[in-house]
Amino acid sequence: MNNLILEVNDVAVSFGGVRAVNGATLDVEVGSVTSVIGPNGAGKTTLFNLISGAIRPDSGTILFEGLEIQNLFPHKIADRGIIRTFQGAKVIKRLSVLDNLMLGGQNNPGDSLVNFFNPKARKAYEVQCHDRAMELLQQIGLERFAHEYAGILSGGQRKLLDLARALMANPILLLLDEPFAGINPTLVEKLLEVLHALRTKHNLTFLLIEHNLETVMNISDRVIVMAEGRVIADGKPNSIYENQAVIDAYLGTRKAFK
Amino acid sequence: MAEFVQLLFNGLVAGSIFGIAALGISLVYSVLRLVNFAAGDFLTLGAFTTFFLATSIHLPFIVAVLLSMLLGVVISLILEFLLWRKLRRTGAGLLALFLVATGVAFVLRQTISLIFGGNSQKFDIDQIKTFEFLGAQIAQAQLAVLCCASVAITFIALFIKKSTIGKNMRAYADNPSLASVSGINVDRVIIATWTISGAFGALAGVFQGTVQGQFTNGMGLDLFLSILAAVILGTIGDAYGALIGGFVLGVVMELSTWDALLGGIPSTYKPVVAFAVLVIVLLFKPEGIFGVKARKV
Amino acid sequence: MTALMQPGFWVFILTMSGIYGIFTLGLQIQYGVGGILNFGHVGMMALSSYTMAILIISHGINFWIAAAIGVAVAALGGALLGLTTLRLRRDYFAIASIAFSEIVRYVIYNSDGLTGGVQGSLAIPVTGENYPSYTDTWDSIINRARDILTPIFGEIVDRDFVMAIIVWTTLGILLLIVSRVERTSWARVLRATREDDEVPAALGKNVFRFRFQAVIIGSVIGGIAGIFWGLQSSLLSPDDFLTLVTFYGWMILILAGATKVKGLPIAAIFFGFLYGGSRFFTFWPFSMLDASERAYVRIMIIGIVLIILMMSRPQGIFGKRQEMVLE
Ligand SMILES: Nc1ncnc2c1ncn2[C@@H]1O[C@H](COP(=O)(O)OP(=O)(O)O)[C@@H](O)[C@H]1O
Ligand SMILES: [Mg+2]
């Protein structure tokens with residue numbers, strides 16, 4: 001029980017008539033890589049929105065490190081260490097790429113107005129934050145864009161930036177919404193290495209949504225399959241292939257995703 | 001009791017005027033995503049041109065009103081072709097639209113002031129004739145306004161609901177891109193929107209001028225914020241909501257001055273009441289009375 | 001035309017511009033950084049100037065304390081505005097903020113006992129006495145400054161001249177502070193919230209707090225402008241605080257390019273000239289108009305400039321086109 005970092009119990013939310021998530025129950029083990037798969041509209045992104053507090057569930061509970069979080073504001077949830085990326089990536093277009101990254105810095109004394117009068121603390125943090133940001137930019141290959149507006153980046157580059165910004169925030173649990181879609185395979189390899197290194201170094205936990213089954217099977221300790229707002233299967237990657245419900249709901253239509 | 005009836009009646013009259021004006025603003029917003037800050041000054045324009053045509057040139061009052069409505073439409077359309085169309089094409093943001101609309105309001109108001117001066121004017125209408133109803137003194141002019149306004153409201157409501165162009169307006173408001181690809185003539189929808197807003201804005205101005213007795217170049221502006229409150233109260237962009245918002249605010253504002261209610265708020269605070277009501281409603285229902293929870297995209 | 005030749009006219013324009021510049025700086029941090037559409041900014045100016053005047057005249061409170069309390073009340077006004085309406089949609093907030101300043105004005109207008117209502121209590125002479133004045137302390141400060149400045153600048157130094165120097169020094173200091181604030185990571189977060197709520201929230205930033213603080217800072221600066229306004233006019237009337245004034249501020253802001261403070265002083269002077277200078281439009285065709293008609297023309301011209309500006313150069317004279325395009 002103690003090694004569960006996240007527990008989602010019977011959570012439901014609907015928009016107007018649409019039951020986007022309809023009694024989903026799942027959990028995530030500390031230090032694991034857990035993948036969520038399922039057809040479009042299954043409620044995967046909505047599940048992430050619920051966990052990160054962007055929307056509140058109509059019913060059910062969400063526990064992070066044993067404490068309920070489903071009624072917290074999103075920034076409080078982020079403070080606890082759950083950091084997410086966005087499907088299709090979100091960047092602040094009129095901030096520079098570097099500023100986008102530095103936005104991820106946590107406990108920045110400069111975020112508090114009182115510290116306007118404490119420039120030493122502010123500047124020390126900024127320098128450190130800047131260096132870390134530049135290092136990440138190098139890893140994702142965007143350092144030459146550091147001082148450009150993020151709005152000029154291509155879709156793939158925005159995804160990289162979104163991911164790097166999440167890493168800036170020193171997450172405990174990282175929620176990644178289709179992080180590799182639209183990124184070229186060699187770079188995916190490289191990103192996987194970066195993420196793997198982080199995992200071993202900081203004992204980071206990953207929950208990710210991914211459509212490419214090959215990648216999913218390779219990197220996941222565990223796979224959760226969603227359809228129509230519910231979890232229909234949950235287990236080790238290879239057990240998923242044999243699950244009849246999954247074949248019916250998802251794998252049978254796999255070609256549609258290629 | 002007599003006072004209550006009196007205030008309720010006054011409230012309904014005010015509400016019918018608010019309703020018409022609010023409807024125009026709400027329609028323009030739903031189709032063009034534009035908060036028309038100049039709407040108040042179109043009311044003033046209607047009142048002053050009617051005054052000019054009826055009192056100075058001695059046209060029959062009805063003709064004067066119709067010509068004023070026509071002028072409201074013409075100016076609205078000129079602005080559409082001169083300004084709004086271009087701003088839409090360049091994808092102007094909220095602030096640009098706000099400020100251009102404000103600029104238009106400045107120009108319109110000052111032009112009216114320049115032509116008609118700063119003095120107050122009145123229509124050649126007998127304000128004194130009243131009759132008694134349940135103890136309240138009902139002015140005939142007020143009753144006439146209420147009747148005419150009801151006819152106008154019914155007309156607009158039926159137009160939006162039943163006519164082809166009205167249906168197209170609603171379709172376009174719901175989903176502009178879908179409506180344009182499905183063969184709706186967008187230009188016609190927009191012209192119809194401005195026509196309704198210009199004509200009935202002027203008419204509302206005539207009504208308000210009649211009810212007030214005297215009016216100045218600031219009439220529309222004084223009224224504008226209360227009308228805007230009605231628009232938001234009924235959820236901006238919802239035409240029927242605007243009507244209901246208008247009536248609700250008209251009645252609440254009048255009743256707030258009733259002695260039996262909290263001792264009665266001084267009538268000069270009526271606009272404050274309108275906004276207090278608005279803020280209280282928004283605190284509980286941030287999208288207005290008829291709004292649905294916004295979709296997060 | 002001759003008025004344009006007189007230094008006094010230019011000093012007057014300069015003082016007006018400086019006060020409007022301070023006023024607009026309050027809008028700049030709210031909109032230029034935070035994307036907050038505050039159309040009720042003039043309410044803060046009304047709150048501070050009336051508070052100061054009432055405290056001095058009716059309660060005999062020391063000028064400096066009264067001015068400080070005036071600014072604090074403006075900040076309180078900002079807090080009230082923020083707490084009630086800042087969570088609303090952007091366009092709703094804009095409209096609600098207009099309502100805020102109009103309510104302030106209505107209350108001033110109708111609280112005769114406190115404010116003197118339409119006339120301004122502060123202007124009604126008690127029978128047989130002079131106008132009660134709240135500027136006595138200020139006047140003696142000005143006089144002392146005059147004694148110091150006259151040897152440097154010579155004859156030109158009068159009350160307005162000293163006022164202009166004080167106002168512009170204040171504007172300079174505030175510009176410096178604000179531009180520093182806008183280089184902190186606080187401003188970076190605020191800048192992010194101008195585009196999107198979800199991203200900063202997902203990174204642990206309390207979006208409401210940043211916006212709320214921006215409104216408070218803006219209100220304090222607006223409050224400071226109000227103090228100068230009160231001191232400059234030495235007689236207050238609710239009609240000084242029409243929503244029109246807020247739009248003057250917006251016009252200066254757009255002219256300057258909203259995202260940076262550096263264009264602000266020049267834009268303020270340009271506006272001051274348009275505003276004050278049009279008083280002296282006595283040549284043809286304006287010569288056909290009387291004084292009150294010229295006042296109408298003045299506002300009309302400002303409306304036309306606002307429209308042309310927004311249609312042709314929405315990023316302002318000093319703004320970057322790219323920032324607008326990426327919006
Ligand atoms: N904010 C929202 N408002 C209305 N409907 C929504 C909203 N978010 C998601 N939905 C609906 O919920 C369902 C699940 O969507 P989503 O979680 O994005 O699916 P997935 O990420 O699995 O493809 C879809 O039918 C979608 O249209
Ligand atoms: Mg999704």
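A, B, ... follow the sequence lines: proteins, then strands. Residue 1 opens every chain.
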* To do: Go through Arg188(C) and Asn108(A) one step at a time and tell me if the side-chain contact (heavy atoms from CB on, under 4.5 Å) criterion holds.
  => CA-CA 11 Å; Arg188(C) 184 163 56 218; Asn108(A) 187 340; 3.8 Å; yes

* Check the pair Arg165(A) / Val199(C) against side-chain contact (heavy atoms from CB on, under 4.5 Å), numbers first and verdict last. => CA-CA 10 Å; Arg165(A) 192 175 55 197; Val199(C) 169; 3.4 Å; yes

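- In terms of heavy atoms, Trp186(C) sits closest to Asp111(A) at CD1-O, 3.2 Å.
- Residues of residues 201-219 of chain C that come closer than 4.5 Å to chain A, counting heavy atoms only, are Ala201(C), Ala202(C), Leu203(C), Gly204(C), Lys205(C), Asn206(C), Arg209(C), Phe210(C), Gln213(C), Ile217(C), ordered by residue number.
- Here the CZ-CG distance, from Arg191(C) to Asp99(A), works out to 7.5 Å after rounding to the nearest 0.5 Å.
- Neither the backbone nor the side chain of Tyr125(A) comes within contact range of chain C; no heavy atoms are under 4.5 Å apart.
- Ranked by heavy-atom pairs under 4.5 Å with chain C, the list Glu126(A), Arg122(A), Arg80(A) is led by Glu126(A).
- Of all residues in residues 176-183 of chain C, those placing a non-hydrogen atom less than 4.5 angstrom from a non-hydrogen atom of chain A are Ile177(C), Arg180(C), Val181(C).
- Closest heavy-atom contact between Ala192(C) and Leu103(A): CB-CD2, 3.6 Å.
- Taking OG of Ser52(A) as the start and CD of Glu198(C) as the end, the distance is 7.5 Å to the nearest 0.5 Å.
- Sorted by first and then second residue, the pairs that involve residues 40-85 of chain A and meet ring-ring contact (aromatic ring centres under 6.0 Å, His included), not counting sequence neighbours, are Phe73(A)-His75(A).
- The number of heavy-atom neighbours closer than 6.0 Å to CG of Asn203(A), taken from other residues, nucleotides and ligands shown, is above 12.
- For the atom pair NZ (Lys123(A)) and OG1 (Thr184(C)), the distance works out to 10.5 Å, reported to the nearest 0.5 Å.
- Neither the backbone nor the side chain of Met168(A) comes within less than 4.5 Å of any heavy atom in chain C.
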Without placing hydrogens or testing angles, list every side-chain donor-acceptor pair under 3.5 Å for residues 263-271 of chain C, not counting sequence neighbours.
none

